[in-house]
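Worksheet for the structure shown next.
Remember, it's a predicted structure, so these values are computed and weren't measured experimentally.
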There are 2 protein chains.
Amino acid sequence: MENFDLLILGSGPAGLTAALYALRYNLTVGIIGGIPGGLMMESHKICNWPGENEVVGYELANKMKEQVKQQGAKFIFDFVEEILPDNEAWIVKTKAGKEFKSKFVIYALGTQHKHLGLAAEDKFIGKGVAYCATCDAMFYKGKITAVIGGGNSAMTAALYLADICPKVYLINKRADLKGDIVWLNKVKEKENIVYIPNNNVIDLTGEEKLEKIILQTEFLGQTEINVDGLFIEIGLEPNTVLFKTIGGELDEKNHIKVAQDMSTNLKNIFAAGDVTNGSNNFRQVLTAAAEGAIAADSVFKEFSKR
Amino acid sequence: MENFDLLILGSGPAGLTAALYALRYNLTVGIIGGIPGGLMMESHKICNWPGENEVVGYELANKMKEQVKQQGAKFIFDFVEEILPDNEAWIVKTKAGKEFKSKFVIYALGTQHKHLGLAAEDKFIGKGVAYCATCDAMFYKGKITAVIGGGNSAMTAALYLADICPKVYLINKRADLKGDIVWLNKVKEKENIVYIPNNNVIDLTGEEKLEKIILQTEFLGQTEINVDGLFIEIGLEPNTVLFKTIGGELDEKNHIKVAQDMSTNLKNIFAAGDVTNGSNNFRQVLTAAAEGAIAADSVFKEFSKR
């Protein structure tokens, strides 16, 4: 069983930045995760990373990964399956059946965008289908777009798009939008937001890029609308099941409750990135990275006390 | 008087990133500050910026500035002198005598190097007295220099100077240096660093340029040493005087008390970067940038409620 000073679970921006800082503190670091980059990999272009005008998600991810690799992190391409306490340390078991041990753990397993679950969905990612208006709206300036969802993120996405697009369809499977009254009012006021309630998206079509959304209403059958872009804003879910299993404390939206130093209620387990309720719940590559840095700094402070 | 949706005070990583996010929310943004980059400009190389293996401080600063400029921020090369409430808005007066108005302000004025507080100190700034070895060491190549301070920044400054100067005095008011063991060992090994403990600098003298440092030791009285350059490395203090003047709440170390959303106790004034007590007081380019993003997001949420 391999030992590390610090085990990082998750290889998105939070995990990678935590590794970067921990390595500069001379700790040995193992990072368990899939393809490094996390949600960055889903972002066609990232325009709000300071210093990079427009960077393709996987390029930024790759730069971060290479940097961390050069500093000496060990990447374990695998998935966390179980976390077990072992005296003063933690043992992490992976899907591939390996075990790793460390006194300190940074839990940075992120969130995932809820997907519609349509077969055509993956095909159009970056080619008309996006999951983050803040990140990708600008690519659809002057185009016809649609947003799926019925909550605050769907409404704010629609409002954001409505400022730069001639027409924005807001498609909700329920009758009513649910969220802050400010957003509700603004959505109503916006003349170029076309609200389509009681509709399910059942298919996406197009040649190279997304062209049509196929909708279905109960009793009324199918309709289709032509769009250039579709933002799927039906929510994100934090990957906190494992954390909860070992007694970890979550907030009402299943994010890990963290203190200012990124500590959790579990001894020597820190958390960082989209999985936490930190950074005022503003989940960005940048804030995830910053939380990773703070978590690593806190680990180092604890480590130095030994 | 020029109006903006948002006025950002300070053009370091926090201010620049706040601008980046606010511009992407389509707000009009004015940034008041000196040369963009803040403390990044003083950093020879930044090694813990995610995605950049080693980046020269001013290069990263320049990239951030260009990005923000392209997005349409208005840079006001000037210094904030006064902040005044004006009904539901704030008026900011600058050193050059201009006035700007905005409902929302992000206060990101960072920190500055502590001064000794000697009458002669200001007289010799740029004429023998400096506060940043990374920036100014080269002006003293081949000369006799001194560093005042007892921590990591004093030690690294002394080490940096020792490579290019025949003799470097390291003057500490305490008996022992305090900081990372790596630096302590290196300082001990360097033969041209002369360590002077238990001494206070009580005066600086010279005709046109700094020539002598007057030291005082308890019981032993005064001595003087001849130097060409003096680097004052006794720490950083937040630029919060203006904020305090208008009733802003500070913590015990004079940093601005911020909530998770970077709001302060003053209505519609948010704060970000080294000037705040956020990010677990871990002050990095990265955490400053993240705080800027969070502050801009909070401003946008308030702005949208109007």
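Only the side chain of A/I164 comes within contact range of chain B, judged by heavy atoms closer than 4.5 Å. When heavy atoms are compared at a cutoff of 4.5 Å, A/W49 approaches chain B by way of both its backbone and its side chain. Both the backbone and the side chain of A/E52 come within contact range of chain B, judged by heavy atoms closer than 4.5 Å. Residue B/S279 touches chain A through both its backbone and its side chain, counting heavy-atom pairs closer than 4.5 Å.
Across all their heavy atoms, B/M64 and A/G51 have their closest contact at CG-N, 3.8 Å.
The distance from the CD atom of B/Q284 to the OG1 atom of A/T17 is 11.5 Å, given to the nearest 0.5 Å. Atoms CZ and CZ, from B/F300 and A/F282 in turn, are 10.0 Å apart once rounded to the nearest 0.5 Å. In this structure, CD in A/Q70 is found 9.5 Å from CD in B/E54, a value given to the nearest 0.5 Å. To the nearest 0.5 angstrom, B/Y25 atom OH is 12.5 Å from A/L159 atom CG.
Panel note: side chain A/Y160, backbone B/R24; a donor-acceptor pair is recorded below 3.5 Å. With A/K186 contributing its side chain and B/S304 its backbone, the two residues share a donor-acceptor pair below 3.5 Å.
For a heavy-atom cut-off of 4.5 Å, chain A lies close to B/Q260, B/D261, B/N277, B/G278 in residues 253-278 of chain B. Contacts from residues 285-299 of chain B to chain A, taken as heavy-atom pairs separated by less than 4.5 Å, involve B/L286, B/T287, B/A289, B/A290, B/A293, B/I294, B/D297, B/S298 in sequence order.
More than 12 non-hydrogen atoms from other residues, nucleotides or ligands lie less than 6.0 angstrom from NZ of B/K63.
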